[in-house]
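So the structure is just underneath, and the comments pick up after that.
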Protein chains: 2
Amino acid sequence: MKARTDTKEKIMELGTDLVESIGYPSLSYQQISSQLGIKNAAVHYHFPSKESLGLEILNTAIGSFEKMISNISSLGLWEQLDTFFKSYRKHLESNNKICLIGASASDYQELPESMQAAASEYLVLVKGWFVELLREGREEGVFHFKGEPKHKAAVIVSALAGGLQHARLVGNLHYDEIVEQLVEDLKP
Amino acid sequence: MKARTDTKEKIMELGTDLVESIGYPSLSYQQISSQLGIKNAAVHYHFPSKESLGLEILNTAIGSFEKMISNISSLGLWEQLDTFFKSYRKHLESNNKICLIGASASDYQELPESMQAAASEYLVLVKGWFVELLREGREEGVFHFKGEPKHKAAVIVSALAGGLQHARLVGNLHYDEIVEQLVEDLKP
DNA sequence: TTGTTTACTTACTTATAAGTAAGTACCTTT
DNA sequence: AAAGGTACTTACTTATAAGTAAGTAAACAA
């Protein structure tokens with residue numbers, strides 16, 4: 001059961017990068033194989049279908065997110081929020097990538113059903129985490145906002161995802177402006 | 001100089017719908033021609049290249065937006081805002097489409113340069129309109145918010161674009177929640 | 001009424017995509 | 001050392017994509 005190479009992991013990494021930069025429909029096995037110096041069929045060996053690769057990319061990301069929120073759960077609420085903002089901003093720094101949820105959402109109609117379901121699950125998870133963070137934060141007097149935590153969470157998660165995308169068109173500063181405003185709006 | 005058929009307009013309409021639902025890279029001339037009951041080459045007659053079609057779709061949308069803001073410029077500021085929210089929401093009602101700017105942003109790396117430039121121009125235009133609306137609204141005591149109008153505009157435009165996309169994953173209510181929260185946040 | 005332009009169709013080319021079947025070399029286990 | 005599995009490569013198939021050249025029928029202008 002021991003892996004003798006790390007080709008599969010390299011495919012996953014590159015595949016994730018490609019989905020975040022050009023989108024799942026534009027991703028091709030040729031691109032992956034040529035960049036890794038292997039053959040087309042080698043990719044099919046590890047991921048028989050493109051759907052299987054796309055699905056594993058999404059599920060791995062869900063796992064990473066769950067691990068991250070668990071790791072930062074003992075931090076202060078402002079720090080948790082900041083960690084998320086910064087983890088999203090990292091996408092911009094390497095090749096103007098966007099987040100997986102946003103990429104999946106904009107390509108939604110072209111995704112196989114299994115990936116649509118995984119993407120939905122991912123967003124429900126992230127939005128749910130924001131709802132709890134905001135609810136708890138307001139209860140403790142850390143965050144200040146009007147309306148339901150669910151609605152505020154919707155604004156934040158969509159503004160960040162949209163912000164990464166829009167940053168491609170008008171510059172990375174756009175994302176920073178969004179973060180600054182969101183933070184400002186949560187202060188007393 | 002008289003057009004004897006309206007095929008070109010039909011291609012534009014369907015093309016716009018397709019870009020907003022499946023994205024520019026996934027749009028194909030075969031799809032357009034089969035849905036309009038014409039041949040592949042007929043589409044090439046009106047739009048020699050896919051780029052020419054994509055570019056005209058963007059430029060037409062820019063023209064429509066300019067016309068719209070001009071038409072509603074005499075309305076109250078809240079009404080102008082509401083008009084925009086509702087025009088965006090219409091996308092959801094027909095086949096869970098997303099806005100052209102968001103679609104262009106998420107497919108940005110796959111677009112020809114001319115379309116990248118047009119998409120940027122479009123977003124600059126829309127964001128600029130929001131900046132002015134917010135600046136004027138605060139000056140007149142109609143809108144209330146902290147921070148710079150430019151930053152608030154960034155949040156609103158990206159939350160709306162991201163909201164349309166996320167609505168595909170978690171339901172149309174998500175978009176309505178965003179609008180409700182944005183409105184709430186602009187009240188005194 | 002003849003010639004020209006408009007709006008196509010027919011038939012094709014070239015490129016690229018996902019996916020597969022069969023073969024091979026190395027590694028591990030027995 | 002023999003047998004089996006792992007991780008590939010080679011060579012292929014089928015489908016679909018954008019784009020083009022040449023032909024055609026109807027509308028229009030002279």
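A, B, ... follow the sequence lines: proteins, then strands. Residue 1 opens every chain.
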Problem set entry | Pairwise distance CZ(B:Arg138) to CG(B:Leu77) - rounded to 0.5 angstrom | 13.5 Å
Problem set entry | A:Lys8 NZ - D:dC8 P separation (whole Å) | 12 Å
Exercise. Are side-chain heavy atoms of B:Leu169 and A:Tyr122 found at a separation under 4.5 Å?
Worked result: no
Exercise. When you check the gap from the basic side-chain N to the acidic O, do B:Lys97 and B:Asp17 get nearer than 4.0 Å?
Worked result: yes
Exercise. Can you name the ring-ring contact (aromatic ring centres under 6.0 Å, His included) partners of B:His174, sequence neighbours left out?
Worked result: B:His166
Exercise. For the pair made of OH in A:Tyr45 and C1' in D:dA7, what is the distance, rounded to whole Å?
Worked result: 5 Å
Problem set entry | Under 4.0 angstrom between B:His46 side-chain N/O and C:dT6 OP1 or OP2 | no
Problem set entry | Row check, A:Tyr45 ring normal vs A:Lys39 NZ/CZ: under 6.0 Å, within 45° | no
For this session: Do nucleotides 12-24 of chain D as a string where each nucleotide becomes B, S or -: B if the base has a protein heavy atom under 4.0 Å, S if just the sugar-phosphate does, - if no protein is that close.
Result: -----SBBB----
